[in-house]
Protein chains: 2
Amino acid sequence: MTPRRRATLRDIAAALDLSVNTVSRALAGKDAVSEETRERVRREADRLGYVPNTMARSLVLQNAMTIGLVITNPSNPFYARLISAIEARGRVHGYSLMLMVTEDSVDNERRVAEELMRWGVDGVLAVPVQHGTEHWERLGKSGTPVVLLNRDLPGLDADLVGVDYRDSARRATELLVAAGARDLYLVEEDLDISPVAERVRGFRDVLAEHGLTVGDDHLIKVPTRRREASSQPWDPIDSYAIGRDLARRVGPGSAVLAGNDYFALGLYRAFGEHGLRIPGDVAVVGHGDHPFAAYLAPPLTTVRLPAAQVGATAVDRLLELMARPGARAERDVSGSPRQILLPAEVVVRASTPEVP
Amino acid sequence: MTPRRRATLRDIAAALDLSVNTVSRALAGKDAVSEETRERVRREADRLGYVPNTMARSLVLQNAMTIGLVITNPSNPFYARLISAIEARGRVHGYSLMLMVTEDSVDNERRVAEELMRWGVDGVLAVPVQHGTEHWERLGKSGTPVVLLNRDLPGLDADLVGVDYRDSARRATELLVAAGARDLYLVEEDLDISPVAERVRGFRDVLAEHGLTVGDDHLIKVPTRRREASSQPWDPIDSYAIGRDLARRVGPGSAVLAGNDYFALGLYRAFGEHGLRIPGDVAVVGHGDHPFAAYLAPPLTTVRLPAAQVGATAVDRLLELMARPGARAERDVSGSPRQILLPAEVVVRASTPEVP
DNA sequence: ATGAAAGCGCTAACAA
DNA sequence: TTGTTAGCGCTTTCAT
């Protein structure tokens, strides 16, 4: 009942009339201890409910056994899955997770980077807010490896583990073109962040290959609305307005590639209200393969993101950097940091016409 | 470039020919330091890029400035929002978050509880897996307050901050009855977890009041499928099969209350395929108000959960317990732990008939 | 096989 | 105002 003080090595040592040192070694499984002593120590530790103090241990060992995870918004389903994957992989290697949420604010990001330095985490995995690299640079210089997640941060010399969005957009666009689309649109949020920029490239690549190049009015930016903290990452309403405009422009042969499934959903509604048929009048492809995608009417063709693999790979890469500080030097001939982009898969459902 | 050792108080002291202690006080803003010295210390700290070592500080202060957050699955959108809210509120008070994911496994939960003890976190917020209370009891006994999130854990003497699901189910059911429903169904996942049990109670309360009591065949349990880690929490497919069965049983006057919006979505499809009209042939109410809910056809009537408030309240309650270990004693007359259940709001949309 | 001593980086008495 | 000493709980030399 009385929340008494945690038992320490000293308590065990005192009870057994041993030195703290011996107890430490006994519990740590080192050899220089007689089996008999070890047993006694174990039993006493048990009796006292001894739990090792990780902080004390970390202090002397100079390793925190902790990974800092910096996420812009856990309500983004892709990031939620990333969190799970990273936590799981981290734990396998004995690492705990210090989670920081930035809500896409650079100020927050600076604060959390500082906080992670104070904790002396062994490494950092971060979905970076765009703009502002100095805080990550400080971390890197202080010997804490940083691996970027999902988004690249131009100007920062750090590795990246993410999704090959250029390829995913390319494949989605190819699917659309193969299915007969000739008038293609891309609906995205912030054109500045790297995944979006990559998708734009992939989209354009394919159009160019087919001589379908489109004007900038076909690259539609969904206005970023400022939302309360802990809110949903996107809301279909953001793209709904876009969809209403688009509805007047499209017709058979039109297709739109949306940066995420929520956007696609907003388009669905706008198109539906305008009497347009999907995919007859306009084809739609999403991004993310959220659980609802397969259940829309019609079921949404979308891009499935390899969240689990990205998370696991990022942890592995981080552990590599932590183990061999020199590893950062093994960069490509270009001298740029290492980028590991995992392939995404297009899941063909009924919002795109069948490919002849 | 060379990841040199972090600067410490000692480095500053040496450079300035002061004692470590003085430097500490200068930086901590204590009074017993001349303004001039303080300035010099500040400057040198800056020059050296000094960052305080939180672990060392925590070790002597005997507080970790850390809250342990134990979540079953971050991909559950409600939990994702909880994470954001908790992180934000925690940071306001200077606390960092150690995040642990259990994937609803008791084994994992035991491991993470142990891990949190080792870290000596100041308090724990946990969505408990059902069954198994000893690890939480150990934490509590060792002086670390535990506050349960969302789910109650019978048999454990701990506070709970969650949602008043009994009330939300009651209000949703009342809406249905007022709209003319006479044949009501409840579709839920695991009837053992407390939120579900509460919803069952609320559902039954209202039916009883209206003399509409239904048999157990109206309480439908969606089979829990085992899924890979970092997967989605639910999948509409789980309820789709249920929906196909239900489709044969329902007709005008029928209504189903689903434990979450994904279930509702699965029902939508099954009903649609069977030629049933929502809400004409069967009304549907969901739970969670996920971003897609408003965009379904028809837009889904559902229950909006107060995630941000639950998170903030939980942190506040935890801080209270941390500050005054005696606070746990202030329980209701019943002698049971304190339960703070926040009200949820029914968002009426078009999947329920208009109330006359 | 065990113990003594030192130290990780910091703060908190207590002296000077 | 500043310095000295001690100690948080642990691990790691180095003796014994």
Side-chain angles (χ1 to χ4, degrees), chain A residues 4-42 44-45 48-66 94 117-122 142-144, chain B residues 4-42 44-45 48-66 94 117-122 142-144:
Chain A
R4 60 192 186 298
R5 198 177 50 72
R6 254 169 96 173
T8 71
L9 288 188
R10 203 144 67 86
D11 297 326
I12 302 177
L16 261 36
D17 202 35
L18 285 170
S19 79
V20 172
N21 184 332
T22 304
V23 175
S24 168
R25 276 177 348 230
L27 257 21
K30 309 249 166 155
D31 32 0
V33 174
S34 79
E35 261 321 310
E36 193 216 322
T37 306
R38 175 156 311 175
E39 230 358 273
R40 289 177 56 217
V41 169
R42 283 221 183 95
E44 185 64 15
L48 260 33
Y50 171 76
V51 175
N53 184 324
T54 299
M55 285 214 185
R57 186 165 204 280
S58 284
L59 188 59
V60 30
L61 260 31
Q62 295 284 66
N63 71 347
M65 290 313 285
T66 298
M117 294 204 68
R118 291 172 185 247
W119 278 108
V121 297
D122 303 311
S142 80
T144 308
Chain B
R4 59 191 187 301
R5 198 178 48 74
R6 253 168 99 173
T8 71
L9 288 187
R10 203 142 68 87
D11 297 327
I12 302 177
L16 261 36
D17 201 35
L18 285 171
S19 80
V20 171
N21 184 322
T22 304
V23 175
S24 168
R25 276 175 350 227
L27 256 21
K30 308 247 167 159
D31 31 0
V33 174
S34 78
E35 262 320 311
E36 193 217 321
T37 308
R38 176 156 310 175
E39 230 358 273
R40 289 177 56 218
V41 170
R42 282 222 183 94
E44 185 63 16
L48 260 34
Y50 170 76
V51 175
N53 184 324
T54 299
M55 285 213 184
R57 186 165 203 280
S58 285
L59 188 59
V60 31
L61 260 32
Q62 296 283 65
N63 70 348
M65 290 314 287
T66 298
M117 294 204 68
R118 291 173 184 245
W119 277 109
V121 296
D122 303 311
S142 80
T144 308

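Chain letters run A, B, ... following the sequence lines, proteins first and then strands; every chain starts at 1.
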D:dC10 C1' sits how many Å from A:R6 CZ, rounded? 11 Å
Base D:dG3 paired with B:R25 side chain (donor-acceptor, <3.5 Å): yes
Within the structure provided, determine whether B:E44 and B:V23 are in side-chain contact (heavy-atom separation under 4.5 Å). no
Distance alone, cut at 3.5 Å: any donor-acceptor contact between the side chains of B:R25 and B:N21? yes
Quick one: is B:T37 getting a side-chain N or O under 4.0 Å of the D:dT2 phosphate, OP1 or OP2? yes
I need the CG-P distance between B:N21 and D:dT5, as an integer number of Å. 12 Å
Any B:S24 side-chain N or O less than 4.0 Å from OP1/OP2 of C:dC10: no
Between A:A56 and B:T22, the residue closer to the 5' end of DNA chain D by nearest nucleotide is B:T22
Value for OG (B:S24) from CD1 (B:I12), rounded to nearest 0.5 Å, stands at 10.0 Å
In this structure, how many angstroms lie between the P atom of C:dG7 and the CG atom of A:L61, rounded? 17 Å
Taking atom C1' of C:dG9 as reference, at what distance in whole Å does atom CG of B:N53 sit? 6 Å
Any donor-acceptor pair under 3.5 Å from A:N53 side chain to A:M55 backbone: yes
OG of A:S58 to CG of B:L59: how many Å apart, nearest 0.5 Å? 10.5 Å
When all nucleic acid strands are considered with a 4.0 Å heavy-atom cut-off, which category describes A:S58: base, sugar-phosphate, or nothing? nothing
Separation of B:R57 CZ from A:R118 CZ (nearest 0.5 Å): 8.5 Å
In whole Å, I'd like the distance from the CG atom of B:D11 to the C1' atom of C:dC10. 13 Å
Please state whether the phosphate of D:dG9, meaning OP1 or OP2, lies under 4.0 angstrom from any side-chain nitrogen or oxygen of B:Q62. yes
If you only use heavy atoms from C-beta on, which nucleotide in D:dG9, C:dT2, C:dT11 is closest to the side chain of A:S34? C:dT2
For the pair made of CG in A:L27 and P in D:dC10, what is the distance, rounded to whole Å? 9 Å
Distance below 4.0 Å between A:K30 side-chain N/O and D:dT12 OP1 or OP2: yes
Over all heavy atoms of both residues, which pair between B:V51 and B:R6 is shortest? Give the atoms and the distance, please. O-NH2, 3.4 Å
Should stems be defined as at least three consecutive Watson-Crick or G-U pairs with both distances under 3.5 angstrom, which of them involve DNA chain C? C:1-16 with D:1-16
So how far is it from A:Y50 OH to A:L27 CG, rounded to the nearest 0.5 Å? 6.0 Å
Is the phosphate of D:dG3, meaning OP1 or OP2, less than 4.0 Å from a side-chain N or O of B:S19? yes
Rounded to whole angstrom units, what separation is found between the CG atom of B:L59 and the C1' atom of C:dA12? 14 Å
Can a side chain N or O of A:R10 be found less than 4.0 Å away from OP1 or OP2 on D:dG9? no
Atom-to-atom span, CE of A:M55 to P of D:dC10 - whole angstrom: 13 Å
Ignoring the backbone of B:V60, work out which of D:dT11, D:dC8, D:dG9 is nearest its side chain. D:dC8
